[in-house]
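Worksheet: one structure, shown below.
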Amino acid sequence: MGLKEKHLLDMQGIAPEEIKLVLDTASSMKEILFRSIKKVPTLRGRTIANVFYEPSTRTRVSFELAAKYLSADCINISAAASSVVKGESLVDTARTLKAMGADVIVLRHPHSGAPYHLAKLVSACVINAGDGTHEHPTQALLDLFTVQEAKGELAALKIAIIGDILHSRVARSNIWGFTKMGATVRICGPTTMIPVAVERTGAHLYTRIEEALDGVDVVMMLRLQLERQQQGLFPSIREYTRLYSLDRQRLALAKPGALVMHPGPLNRGVEITSAVADSAQAVIDTQVTNGVAVRMALLYLLAGRFAGGEE
Ligand code: CP
């Protein structure tokens with residue numbers, strides 16, 4: 001399901017031309033971020049509801065800033081501070097927000113598939129801001145934008161995604177996004193953290209990080225998601241770090257000038273050393289800035305076209 005159907009739920013169902021439209025629109029939006037007054041009237045009168053059932057810094061704040069820079073009204077709901085604690089369902093919460101005028105619902109939820117459920121039952125536009133271990137499409141779009149901005153094009157690039165692939169909605173969305181745009185995606189991590197039949201997505205599986213990094217244009221490190229996993233997927237954090245952490249020596253195996261990316265939040269000293277995370281090759285802060293531009297583009301493309309009764 002893509003932008004033509006008024007929701008952004010995943011990268012699996014989005015067409016390459018829709019990805020291109022988002023990236024081109026984000027380019028125009030990024031220019032607004034560097035003006036002295038970061039405000040345009042584009043979405044005046046529209047209301048965006050950020051509904052977050054899991055913690056977030058980057059995604060929630062960037063959607064809020066994106067809405068404000070486009071002059072939309074923005075409200076933030078966290079499960080802990082809403083009637084969810086009294087037993088209200090997700091759909092009833094969303095219907096309540098829609099009844100108060102929300103045009104777009106940005107949803108982060110611990111259960112994979114929750115945004116699809118909402119999109120079927122509520123008439124607002126729904127944007128998936130991360131659903132369980134399934135997808136995080138707006139993260140993938142900002143990652144694609146960051147790589148395209150730095151490298152000029154996406155086709156023919158080699159991208160290595162390293163770490164806890166099993167629990168990573170970022171990895172899943174990026175595999176779909178980069179392969180749709182003609183890049184080659186290598187994935188690497190402990191065997192216990194690789195999803196079954198992952199090659200069906202088009203990604204190439206590597207077990208040794210040194211082989212996965214050899215000659216790549218982009219290295220994307222993933223956070224070790226200890227909160228989502230059972231015990232016993234690897235012997236110890238020290239062992240994981242020894243085998244899969246990105247340090248200067250390993251980074252030297254990638255192409256000279258290869259980009260280092262991380263969706264955040266970082267576990268410094270676990271999946272990435274501070275020397276690499278703070279190096280000139282790291283574009284981690286640029287990813288965060290570009291997150292605002294990409295989310296402005298998405299709000300513009302969805303709330304501008306589908307909200308307020310226009311279809
Ligand atoms: N990358 C990402 O989704 O970060 P947050 O959890 O801070 O939103």
Side-chain angles (χ1 to χ4, degrees), residues 8-12 14 22 26 48-69 74-81 104-115 126-147 149 159 161-178 187 189 218-229 246 259-268 270-272 276-277 282-299:
L8 176 66
L9 302 179
D10 55 47
M11 293 298 289
Q12 186 173 3
I14 193 167
V22 175
I48 315 300
N50 278 329
V51 182
F52 278 61
Y53 284 68
E54 277 187 350
S56 167
T57 301
R58 282 147 281 267
T59 313
R60 195 196 61 70
V61 174
S62 61
F63 266 113
E64 182 172 353
L65 286 174
K68 287 179 172 169
Y69 292 162
C74 183
I75 48 174
N76 292 296
I77 313 286
S78 71
V104 179
I105 295 178
V106 178
L107 178 69
R108 172 167 288 190
H109 202 280
H111 294 145
S112 300
V126 176
I127 298 179
N128 180 0
D131 64 324
T133 57
H134 174 236
E135 281 226 31
H136 192 348
T138 67
Q139 178 70 42
L141 288 165
L142 76 87
D143 290 337
L144 290 167
F145 181 78
T146 303
V147 174
E149 201 177 44
I159 320 288
I161 303 180
I162 313 283
D164 182 1
I165 312 283
L166 182 66
H167 299 97
S168 178
R169 53 198 179 202
V170 174
R172 242 171 292 281
S173 287
N174 267 309
I175 292 168
W176 290 120
F178 278 106
I187 56 166
V218 176
V219 186
M220 185 181 296
M221 299 307 294
L222 300 174
R223 183 171 70 86
L224 191 55
Q225 298 193 40
L226 293 169
E227 76 280 13
R228 288 196 204 275
Q229 48 188 265
L246 186 66
L259 303 181
V260 175
M261 305 180 78
H262 193 302
L266 276 71
N267 292 314
R268 285 176 183 266
V270 178
E271 67 265 2
I272 190 166
V276 171
V283 290
I284 298 168
D285 289 344
T286 309
Q287 286 173 268
V288 175
T289 305
N290 288 343
V292 181
V294 164
R295 285 158 182 142
M296 286 169 80
L298 290 166
L299 292 179

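Just so we're clear, the structure is a prediction, and the values are computed from it rather than from any experiment. Counting starts at 1 for both ligands and their atoms, in listed order.
Checking side-chain atoms of R169 against main-chain N and O of H136 turns up no donor-acceptor pair under 3.5 Å. The main-chain N or O of T59 is found under 3.5 Å from a side-chain atom of S62 such that the two form a donor-acceptor pair. In terms of modelled atom types and a separation under 3.5 Å, the side chain of R223 and the main chain of P263 share no donor-acceptor contact.
Taking all atoms of both residues into account, the shortest heavy-atom contact from A114 to D131 is N-OD2, 4.4 Å.
For the 3.5 Å distance criterion, the side chains of N128 and E135 fail to qualify, holding no donor opposite an acceptor.
Within the 4.5 Å cutoff, the side chain of M11 has no heavy atoms near those of the R172 side chain.
A distance limit of 4.0 angstrom between heavy atoms and ligand 1 selects the residues S56, T57, R58, T59, R108, H136, Q139, P263, G264.
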